[in-house]
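All values below were derived from every heavy atom in this structure, side-chain atoms included, with hydrogens, water molecules and symmetry-related copies excluded.
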Amino acid sequence: FDVTMVTDNYLRNSRARYRGNYLSDAQVALAKLSSDFYRAYVLDSECGAFPSNLTSNFLPCGGTAVTPLTGREVTLLQKKFFGGVMFSDNVLAWATDTTGTLGLDSVLGKDPDVWARRQTRHFIACNHDTMFHAGTGVVGLRVEFTGATTLQHVTIANLSSTGDADHWVCSQRYKLPSTGEDVRVMSFSEQPYGGGDARGVLLSKADAVLNGVVVDGVVAKEGAALGLDIRGDEDGDLSKYDASVGVKVGTMKMLRIESGGERGTERIRVGTGVRVELGSGFVAEESPDFNGKFDAYRLKIAYYGPASLPVDPLPVGALPCVLVPQQCLSYMGAESEEEAVSMLVQLRRRGFEFFQEHYGLVAPVQQIEAGQWHDVVVLPSGGTFAFFAIQPGDTPYAVTSVCGQGGCAEQISSARVWDIGYYYVSEGFLAHGAFGGEEGRWVPAGELIFVGVYVVEGLPPPIVEPDESLRIHYFAVCPVEVRSTVDQERKPVRGSTVIACDIESDRFGKGSAMGSVATVLNEATGLFEPYWHNLITFDDSEPASLLPPTPSRVDLLPEDACFESFDVIMSIKDEAVLPLPMPKAGLDVHPASTSYFYFNEAFEAFRTRYLADVLPTVDSALAFRRASLEYFRDALGIVELTDEVVARFDCEPLDAVLDIGGGNQVVPYVVNEAVRLRVTSLA
């Protein structure tokens, strides 16, 4: 029973209602029968169902059990008739609620009574199975609790682990709206999740001699890859073992130990309390120097289009179809207007629930329930919640690439994206919830928070059925801040913003959307125009390849685009999680933290190591820097970079910080390994 897959919002927030499938509904039904059986014949029976329950002489049964079954017999009956399925009362009540109002917060909340809490406390836990065993992933040969073991002339080859580095729910945090409790996903293991790992040989508390052992090919797409993992006494109590216990490696060869995850590779890992002797016959091939190479996304959709986000906050009802809301219903890809309205009503409700739990915004519930799906609502915080459909002139965004684990689709010329949903315009408020926490984070006036749905049309089979639209719900996990740059006359000339969203789809599950609005020069008009670029990605929770294995280049943009065509399209995304808390990492005072970047001399070190064929000399690197400065000036409108200033910088060393005045600088940098910057597709 996977609770993450049987909710109406993929556990987006703690108000998730039960939405079952064939398997979970059957499990719930069996659990209900089992619960009724125990309650009728054990808990509520005056005489009990087996002798150990209740045989009091004060009851009508006279101290004799009506059904004299042993505990073992009752257990066997329960397994035979009910499949051994057992749910807690809280989970069963949530799964059988017929009103549609009982959320998962009724399960996750802590009872104020300490005795009741012992019977009702629930946790979301990660990094182990239901018996709290840590995962080890794929293992070629495993030897445990043995003495005098000899491994001779053993070859282990072609091991591959395609498991994820972690489950998406393990990084979630919830704020129960009814009590304000923080609910964090827990782990009862100090070790990271190991289900995505791959190991050639695993020796655990074993005395062994290895000769003629070959490990050829241990590949982990997201987890760690280990050639030989030797475990001892993990609790460090060496008194349990004889001092002579150890592992002797005579002749052993290791080839192709490769990992695509941030935990990397190890030829040999030695645990606590183990003595290891490596002979001269141990040979290990050097592991490749890369990170995140193997694992492609299950589905990746990139699109672009003219951006309608102005520098100032969005005017309520100023977009074309919003003036006549019924016109927007056709964008939903529904079979009828009634179905489209139902979708938007549900999205509106989920949007308010998301705002409340993630940002701590209080919504006027009665006004929401009584209003229409397109009504504007003013929240107690002072901000405005309104419907939108962002397509200038009702023109959808153009899809630039569609890629899966097998390659990129060829026929996508008709693919397009409609963007529909609800936005909140802040008037300045202190956000709490999962985003702001107890301390709170200030959201300035004018910043935007979105929830909505991407409706993608024209995708080729087998991604969707012919003529079927793909609907993807999105939720902005941080506010959208619209920044602008002014020209010499102090007029806004460039607007830019970045948006990060969690997404979900009934077809592809959970994912993320990372996008930006960048203002570029339209050479045809000579004006700077904002363009929206967004990257939608779904991870590979199911390994099936969606697309043909042959990638190809496609002309993707319409003729009137500011860029006529692309020879190469490459999508890049980072998957970084800072290993340090924000204050310690310095992000509050310096967003370009060394947790993500290396500066100055790191550029030259990176050039000599990785770019010797592209920028082989210092002069070529200086020419690259000059071209970059000219691009900043000509394409992005940074007018301070005049010809004279650019020429003067030619005399500065490559690792220098270039001061262009007004507190602005050009800094050489290299993105470090913590960012996990990955090429998601190349077409």
Side-chain angles (χ1 to χ4, degrees), residues 296-308 320-321 327-337 339-340 343-344 347 388-421 452-474 501 503-509 511-515 531-538 544-566 568-571 680-683:
Y297 287 102
R298 187 184 178 207
L299 177 66
K300 189 273 305 180
I301 301 173
Y303 69 85
Y304 99 109
S308 59
C321 84
Q327 294 181 6
C328 303
L329 297 176
S330 61
Y331 302 146
M332 290 296 294
E335 295 183 357
S336 64
E337 180 175 317
E339 183 184 9
M343 291 177 182
L344 288 170
L347 176 64
F388 78 90
I390 297 184
Q391 300 83 223
D394 292 340
T395 301
Y397 299 125
V399 174
T400 57
S401 63
V402 179
C403 299
Q405 291 179 324
C408 295
E410 298 183 16
Q411 303 299 325
I412 61 170
S413 58
S414 61
R416 56 184 186 173
V417 178
W418 300 97
D419 187 355
I420 306 144
V453 57
Y454 302 127
V455 181
V456 190
E457 300 176 343
L459 293 175
I463 300 174
V464 294
E465 299 298 325
D467 301 323
E468 180 186 5
S469 297
L470 176 63
R471 283 186 288 270
I472 303 170
H473 291 86
Y474 65 85
C501 293
I503 61 175
E504 57 194 47
S505 160
D506 287 342
R507 190 177 183 91
F508 297 105
S512 66
M514 300 291 293
Y531 271 77
W532 174 262
H533 299 262
N534 199 15
L535 178 63
I536 297 171
T537 56
F538 291 99
S545 175
L546 290 169
L547 300 170
T550 306
S552 66
R553 176 193 173 277
V554 201
D555 290 329
L556 301 164
L557 305 184
E559 294 181 357
D560 58 351
C562 63
F563 304 104
E564 294 182 359
S565 66
F566 293 128
V568 177
I569 295 177
M570 182 169 64
S571 299
T680 63
S681 64
L682 183 62

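Taken from CZ in R416 to OH in Y397, the straight-line distance is 14.0 Å, to the nearest 0.5 Å. Atoms CZ and CD, on R471 and E504 in that order, are 13.5 Å from each other to the nearest 0.5 Å. In this structure, NZ on K300 lies 2.5 Å from OG on S401, to the nearest 0.5 angstrom. Interatomic distance, L470 CG to I301 CD1, rounded to the nearest 0.5 Å: 5.5 Å. The CG atom of L459 sits 8.5 Å away from the OG atom of S414 when rounded to the nearest 0.5 Å. Here S512 contributes atom OG and L535 contributes atom CG; the two are 7.5 Å apart, rounded to the nearest 0.5 Å.
Annotation: salt bridge (Lys or Arg N to Asp or Glu O under 4.0 Å) contacts involving residues 398-409, sequence neighbours excluded, are absent.
Taking each heavy atom of A513 and I503 in turn, the nearest pair found is CB-CG2, 3.8 Å. The two residues A415 and G458 make their nearest non-hydrogen contact at CB-O, 3.8 Å. Closest non-hydrogen pair, M514 versus N534, comes out as O-OD1, 3.0 Å.
A 4.5 Å side-chain heavy-atom check between D419 and V455 finds every atom pair outside the cut-off. I412 places a side-chain heavy atom less than 4.5 Å from the side chain of P460. L299 is not listed as a side-chain neighbour of T537, based on a closest heavy-atom distance of 4.5 Å or more.
A donor-acceptor contact shorter than 3.5 Å is absent between the side chain of S505 and the backbone of I472.
Legend: residues meeting ring-ring contact (aromatic ring centres under 6.0 Å, His included) with Y454, ordered by chain and number and at least two apart, are Y303, Y474.
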